[in-house]
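We count ligands from 1, going down the list as the structure has it; atoms in each ligand are counted the same way. Bear in mind the structure is a predicted one, so any value in this text is a computation, not a measurement. For this chain, numbers begin at 1 and follow the sequence in order.
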Amino acid sequence: MKEIMLKKFIEVFGEKNNKEYFFTPGRVNLIGEHIDYNGGFVFPCALDFGTYAICSRREDNTFRMYSMNFEKDGIIEFTTDSLIKTNVWADYCKGIVDVLIKKGYKISKGADILLFGNIPNGAGLSSSASLEVLMGTIVNEINSLNIDMVEIVKVGQIAENQFIGVSCGIMDQFAVGMGKKDNAILLDCNTLKYEYVPFKLDGISIVIMNTNKRRGLADSKYNERRASCESALKDLQDNGVKINALCDMTLEKFEEVKHFIKSEEALVRVRHAVSENQRVLESVKSLQENDIEKFGKLMNASHVSLRDDYEVTGKELDSIVNAAWEAPGTVGARMTGAGFGGCAVALVKNESINDFIKFVEEKYTKETGLVPAFYVANVGDGSKKLGDI
Ligand code: GLA
């Protein structure tokens with residue numbers, strides 16, 4: 001990859017001394033969906049594919065950026081005092097610079113940056129968080145800001161919320177920034193306390209299934225779900241329920257106070273959030289007890305809750321997950337990410353992977369007319385500088 005990018009870099013920006021090489025992965029969430037913004041626990045891991053950058057520092061405050069994934073856009077140029085949203089991929093990078101400046105960091109040096117990503121866009125594997133955290137890592141390095149990765153992660157989320165306008169939670173940026181090879185991250189989104197949990201399973205692989213249905217309207221529906229949760233939280237607090245976030249409740253507590261939630265729709269959304277939080281904790285426990293069958297069942301139950309209560313799956317995700325449930329070698333399967341299309345994740349016994357893929361592909365294509373893609377994923381490290389070139 002490096003060689004191809006290097007060649008392109010010289011073609012686009014000319015020969016430069018002192019080039020640096022960076023990488024930020026994508027992520028897959030194993031369990032704990034749509035609860036990062038409800039103060040819950042999530043359990044994602046970083047992947048071994050993601051976004052790469054070759055960059056050369058500049059002495060002025062100009063950034064010139066070129067993406068091999070969007071060659072038709074050419075070089076996108078901006079300075080630290082012209083951060084205007086133009087609705088292309090570079091907005092994620094401008095957003096990072098904007099938030100860093102607003103937080104008071106001094107950014108005097110720009111860079112010429114060539115990017116290449118191998119995360120499918122819009123598939124729910126966090127290509128945007130990957131780009132944001134990559135930019136944060138680069139700007140931090142070239143301006144010697146000395147900010148730690150958790151701060152870069154927070155900057156990424158603020159950029160997405162305020163510059164891009166999507167009210168996402170912290171999970172994606174955290175996973176791609178803080179990932180660790182062969183480990184998943186148990187993250188408490190309330191406190192940002194986290195724990196690495198080894199996730200290298202004997203004889204079992206993570207198989208990501210891309211429905212190849214793009215997440216149309218995902219952002220507006222995502223914001224709607226968040227609004228429902230916020231209104232339910234307000235109903236509960238107005239009636240004296242002492243919680244700061246929905247996931248502060250156990251299922252028992254929820255049963256006791258659910259009549260305070262005015263809308264029937266919000267009520268089932270909350271049932272998902274509270275039950276999903278419990279499933280995350282149970283699934284990590286089952287992993288620690290080496291009970292992978294139970295982990296798989298909890299993944300399946302997560303999908304059912306996202307389908308019936310949170311209503312974020314849709315025809316394609318349901319079809320691919322149903323097929324996975326019936327396929328040879330499956331331990332568990334569920335949608336992953338925001339939903340409404342994009343990817344699902346399955347744990348599959350190694351000896352059955354080929355049969356699994358064949359079975360799911362045939363059944364899914366027959367039902368939807370779409371051709372899915374499959375990636376057998378390795379769990380990789382978070383964002384980092386790979387070296388000097
Ligand atoms: C998107 C958001 C995350 C999270 C997931 C759903 O990926 O960016 O913050 O809410 O959806 O779990």
Side-chain angles (χ1 to χ4, degrees), residues 24-47 50 92 95 119-133 153-179 184-190 192 194 208 210-211 214-230 233 245-247 269-270 272-277 279-280 283 298-299 302-303 305-307 309-314 317 321 334-345:
T24 305
R27 70 93 188 91
V28 66
N29 188 21
L30 297 167
I31 192 161
E33 216 66 81
H34 282 280
I35 55 172
D36 57 347
Y37 52 83
N38 284 316
F41 283 89
V42 294
F43 197 50
C45 54
L47 298 168
Y92 294 104
I119 311 172
N121 290 323
L125 301 177
S126 293
S127 56
S128 40
S130 177
L131 184 53
E132 287 156 3
V133 174
V153 162
K154 289 183 192 162
V155 167
Q157 187 200 8
I158 300 172
E160 178 106 21
N161 291 169
Q162 296 179 358
F163 199 84
I164 305 294
V166 178
S167 328
C168 67
I170 192 92
M171 172 173 74
D172 301 348
Q173 288 81 4
F174 201 96
V176 307
M178 297 294 291
I185 312 171
L186 177 64
L187 171 67
D188 178 349
C189 299
N190 230 345
L192 290 196
Y194 63 97
I208 296 173
N210 189 347
T211 60
R214 282 191 61 106
R215 301 180 305 143
L217 288 179
D219 294 349
S220 60
K221 288 190 189 159
Y222 184 92
N223 289 347
E224 263 170 47
R225 295 297 181 283
R226 275 203 79 153
S228 269
C229 289
E230 273 155 27
L233 178 64
L246 293 177
C247 290
R269 305 289 189 246
V270 181
H272 164 74
V274 175
S275 64
E276 182 77 352
N277 196 39
R279 276 188 292 275
V280 176
S283 67
L298 288 158
M299 287 175 81
S302 165
H303 185 85
S305 178
L306 287 154
R307 182 190 69 198
D309 280 354
Y310 220 67
E311 294 181 280
V312 289
T313 57
L317 278 169
V321 169
R334 56 182 289 278
M335 60 152 272
T336 184
F340 313 106
C343 287
V345 58

Test item: side-chain donor near acceptor, Arg27 and Ser130, under 3.5 Å: no
Distance-only side-chain donor-acceptor flag, Ser302 / Arg334, under 3.5 Å: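 Present: a donor and an acceptor within the cut-off.
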Which of the numbered atoms in ligand 1 are below 4.0 angstrom from a heavy atom of [X]?
X      : value
Tyr37  : 10 (O)
Tyr222 : 1 (C), 2 (C), 3 (C), 4 (C), 9 (O), 10 (O), 11 (O)
Gly169 : 9 (O)
Gly337 : 6 (C), 11 (O)
Asp36  : 3 (C), 4 (C), 9 (O), 10 (O)
Met171 : 4 (C), 5 (C), 12 (O)
Cys168 : 2 (C), 8 (O), 9 (O)
Asp172 : 1 (C), 2 (C), 3 (C), 7 (O), 8 (O)

Side chains of Asn190 and Cys247 in contact at under 4.5 Å (non-hydrogen atoms):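 Not in contact.
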Heavy-atom check, side chain of Tyr310 versus side chain of Cys229, under 4.5 Å: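 SC-SC contact between Tyr310 and Cys229 confirmed.
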Arg269 with Glu311: basic N within carboxylate O range, under 4.0 Å: yes
Short N-O contact, Arg279 and Glu276, less than 4.0 angstrom: yes
Within-cut-off N or O pair, Ile35 and ligand 1, under 3.5 Å: no
Any Arg27 heavy atom less than 4.0 Å to ligand 1: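 True for this residue.
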Verdict with supporting geometry, Tyr37 and Tyr222, ring pair (Phe, Tyr, Trp, His ring centres under 6.0 Å): CA-CA 11 Å; Tyr37 52 83; Tyr222 184 92; 5.5 Å; yes
